[in-house]
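So that the names make sense, note that chain A is the first sequence line, chain B the second, and so on, each numbered from 1. Quick caveat: nothing in here was measured; it's all calculated off a predicted structure.
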Amino acid sequence: MPPKPMPNTLVIVESPAKARTIEKYLGKGYTVESSIGHIRDLPKSAAEIPERYKSESWARLGLNVDDDFKALYVVSPEKKGHVAKLKKLAQEADELILATDDDREGESIAWHLLQELKPKVPVRRMVFHEITKEAIQAAIASPRDIDTNLVEAQEARRALDRLYGYEVSPVLWRKVAPKLSAGRVQSVATRLLVDREWERMRFVSGSWWDIEAQILTADGAAFPARLSELEGKRLALGRDFDPATGKLKAGSDVTMLNEAQARELALKLTPAALTVASAEEKPFTQKPYPPFITSTLQQEGSRKLGFGAQRTMRAAQKLYEGGYITYMRTDSPNLSAEAMNAARTQVKSMYGDSYLSPQPRIYAAKSKNAQEAHEAIRPAGNSFRTPDSLKNELDSDGWRLYDLIWKRTVASQMADARGRRMQVRLSGKASDGRAVLFNASGRAIDFPGFLRAYVEGSDDPNAALEDREVILPPLTQGQAVTGKTMTPGGHETQPPARYTEASLVQSLESQGIGRPSTYASIIGTIQDRGYAAKKGSALIPTWTAFATSALLEHHFGKLVDYDFTARMEEDLDDIAGGRQQRVPYLRAFYSGEGGGMGIHPLIEAQMPAIDARAVATIEVPKLIGSGIEVRVGRYGPYLSMGDVKANIPAEMAPDELTLEKALELMSRPSGDHPLGDDPETGLPVIAKAGRFGPYVQLGDTNPPTRTASLFPTDDLNDLTLERALKLLTLPRLVGTSEGEEVWALNGKFGPYLKRGSDSRSITAHEQLFTVTIPEAEEAFRQPRFRGRGAAVAGPLKVFEYADRAAIQLKSGRFGPYLTDGTRNATLRKGEEGAELTLEDARSILEERGKEPQKKPGKAKAAAKKPATKAKGTTSSRSKATKKPAVRAEAGGMAIHAPLKKTVKAPAKKAAPRKTAAKPVAKAPAKTALAWADLKSHLGVLSEQERALVVATREQGRKVEEVAPGLGLDVKKAKGMALQASKKLNQAARAE
DNA sequence: CAGTGAGCGAGCTTCCGCTTGACTT
């Protein structure tokens, strides 16, 4: 008889390293695998949205806001393979144990596994709090069911974060800049940085003087003391100053010395006979710090090792995977029984009994939303390996971090440190009879206790200095001492320090914002979005962060409230506890039912109210009244005073922008960056931000000798002279072909080649420097536009149908696409135009074909042939508006190619908007509306642009006549009017 | 906030949390 096959139980945990460990303890009959975190999530971008949901109004959000916030979960492409593997293992198993973490997210992962694997075998849920054989076997013996309330709470959290992020971010795209983001965590983190920077910007430093004395006792012992009172009145300290004025706070009853007074007094005190007025000594004890959790590990990694959060976590991850430490993403400082035992044993053996805390020290999480699914971060195992024994086994980062973790863990079970604090007051008189009082304080450690192993770092070097041990000689009341030297010293109040990675994490954590697994990435996110930059260890918010934060605070204040997450956690706890329901909770948040926040209607209401220009303008306290404004623009932050603009250098922190600096920047208007001189001509080379983007110019004459636009890959802020000179070699004469010169140029539509009156775009900017005549000739042999030249003759391919209009395959700017004249569909990756069948083409177009959007001011009708009446319509309109330049531009933008492409329509003809094409009657109404529409977007324009547009469009004045009043020459003004019109149309179209 | 020449299906960006490789230099 064949032996009965051994039963096979599949256990799924979250982390592969944990799976390996557990598998060892469970032995035969068990297969342990990991989910590697979450296996499914809401689609994160359009590419992940399944085809059949794409047309849904809520598809962009990934959850159906009209149907109880039902989530659309997808397995991301990179997880597909792994999920398939788990599915297969589940099918082969006799039993499935879901052993994901014992917290909200872990419960959810278990539920998703159940949903996705659809196991046909018995399923049990269990949790391990310790990875020891006993604990695991105990857990196996006491399974439970999936806690659906906890899963609901997780789904509520997930939905809320999605709704917040994906509803609010688009507001920023519209009002500040594209690709920005808002989120429950990042927006508060950004706000913290911005608020701190505001404090620094408003801060006015105060200064005061005091005297430091070297005191000598009769026995010759010396110690320092500081003047603290004069004539019975306390001397001012930093805390007596008002940070807003730099002066003493109102009502403070203190004496302040200036330099002269301090020096004079010092002279009158040398030498001074002083008496000990009081000498106090108080014992103190200090307890060790709790074992590490993620946030404290990151803080100490930063303070003591100088590691960024990412670096600390990378090193910790390796230690964890190597089995050196326990799990590194935790919010619990708790030590398991085996860890406690190991730590205490080690203290005894390494430091002796007297250094052991008499009672085991038990630590609890401080943060109110701690989930405590794991124990503290500590050396792994039931006896800790000493750092010394690992010296040759670990890399440098790993060893230093292990050393830190080991010390902190061991110290946490050590005895209190004991010592004395001494406080001495010395009285005396200056030679002019004024009464003085000096203070000295000291600190002596009598028994170091845990300090033998571990001293916590400090973010503030001054604080660390003050804390150092200063030992005072024994002193008794009435004892006479001498003030040997008197050194007057000046002091200044300091603004609050900027956040570092570590202190930001600490602050977020203390407010319950973010989770251990995300602390490090939060910092990455706000840097990636351009909200903050690191300078040394300081996190400095950018001007974009100021603009974004201001928008959110003014219009969505509740969302960036520091308590928002704390309140959310309470609600989630209620959902987890069955006291509240997910759907009504989300409805309140999203739609505002039952008096909730209702972000959806709130955004609808706020959108028109948000003045993009006001948001982009930052009122810097030190510039108020100067007429200089800080604005965030397309090319970065700049200063503006009427006509004059100057870029703010990227490396300048907001609090460094003083009036003086601002004036200095303004003296180099338009943010010129002088790069040096051209060695050939000796002319200066200057980088500038222009109306058409950043460019360099040769010579400082007007007009300059030469100009050249930067390539998209160039950065105005770190352009070298060498690069600028290279750019200035353009346009480049490539050679001759067919008797004509061939030039390589960088134009407004990008790089192109020109031969006589013919031109061809080329793909890469850098080719401008390298393209050869044979290559150019090849380009000129190609049709003028990619696929376009062919398009005149016909599309790439035509699919004919009996029952529907023919479908054409065309090549466009965004790649190949299908069109039947009314609807278009871009081909996706993997869909080869050449391989499409009739039916493919039909199904693609019918499934996802879209009608081109009709936009105000850009009529769809324009796509068809111009009606003959167009000209009449336009010219009459042109008379009405009297604004040639702007009108021509607007018309030109809307026009599609006339059939005769070689003939360029003169501006006057270009003006006829083909809007007139379809229903002619509609055109005037549309254009009339257009100005009304445009008008509401005046906010996107600069003052000058606005003045121009209003004068021309509303008052019907000519550019020529308005320009002088604005201090512009006519040519510039026309250009500006053109740009302004573009901007307005763009803004209106975005609506 | 400087000038060099076309013309045409836009569509996507974004959140927070849970986890690691698979790639390349």
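With its glycosidic angle within 90° of 0, B:dG9 is assigned syn.
Each of A:G747 and A:A182 was assigned the nucleotide of DNA chain B with the nearest heavy atom; the assignment lying further toward the 5' end belongs to A:G747.
Contacts of A:K754 with the nucleic acid, taken as non-hydrogen atoms under 4.0 Å apart, involve only primed sugar atoms and P, OP1 or OP2. Counting any heavy atom pair closer than 4.0 Å across all strands shown, A:Y752 reaches a base atom. Using a 4.0 Å heavy-atom cutoff across all strands shown, A:S181 reaches sugar-phosphate atoms only and no base atom. Looking at heavy-atom distances under 4.0 Å, A:P704 makes no contact with the nucleic acid at all. Using a 4.0 Å heavy-atom cutoff across all strands shown, A:Q186 reaches sugar-phosphate atoms only and no base atom. When heavy atoms are screened at a 4.0 angstrom cut-off, A:S108 is found touching no nucleic acid atom at all.
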Exercise for the section: At under 4.0 Å between heavy atoms, which parts of nucleotides 17-25 of chain B does protein reach? Answer with one letter per nucleotide, 5' to 3': B base, S sugar-phosphate only, - none. Expected result: BBBSS----
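Aromatic ring orientation, A:H112 versus A:H38: perpendicular (interplanar angle above 60°, classes split at 30° and 60°). Ring-plane geometry between A:F589 and A:F564 is classed as tilted, the angle between the planes lying from 30 to 60 degrees on a 0 to 90 degree scale.
If you take CZ of A:R755 and C1' of B:dA6, they are 17 Å apart, rounded to a whole angstrom. The distance from atom CG of A:L172 to atom C1' of B:dT14 is 9 Å, rounded to the nearest whole Å. Distance A:L559 CG to B:dC15 C1': 12 Å, rounded to the nearest Å. Atom OH of A:Y590 and atom P of B:dC15 are 17 Å apart (whole Å). Between the C1' atom of B:dC1 and the CD1 atom of A:I686 lies a distance of 13 Å, rounded to the nearest Å. Computed from coordinates, the A:L728 CG to B:dT4 C1' distance equals 15 Å when rounded to whole Å. In this structure, A:E167 places its CD atom 14 Å from C1' of B:dT13, rounding to the nearest Å. Remark: P of B:dC15 and CZ of A:R529 are 4 Å apart, rounded to the nearest angstrom.
Judged purely by distance below 3.5 Å, without hydrogens or angles, the side chains of A:R329 and A:S517 never pair a donor atom with an acceptor atom.
Within a 6.0 Å radius of NZ in A:K80, other residues, nucleotides and ligands contribute more than 12 heavy atoms.
When all heavy atoms are compared, the tightest approach of A:L733 to A:E741 is CD1-CB, 3.7 Å.
Taking the ring centre of A:Y166 as origin, the terminal cationic atom of A:R162 falls inside the region bounded by 6.0 Å and 45° from the ring axis. Seen from the ring of A:Y164, A:R184 does not count as a face-on cation partner, given the 6.0 Å and 45° thresholds.
By the stacking rule of 5.5 Å between ring centres and under 30° between planes, A:W173 does not stack on the base of B:dT14.
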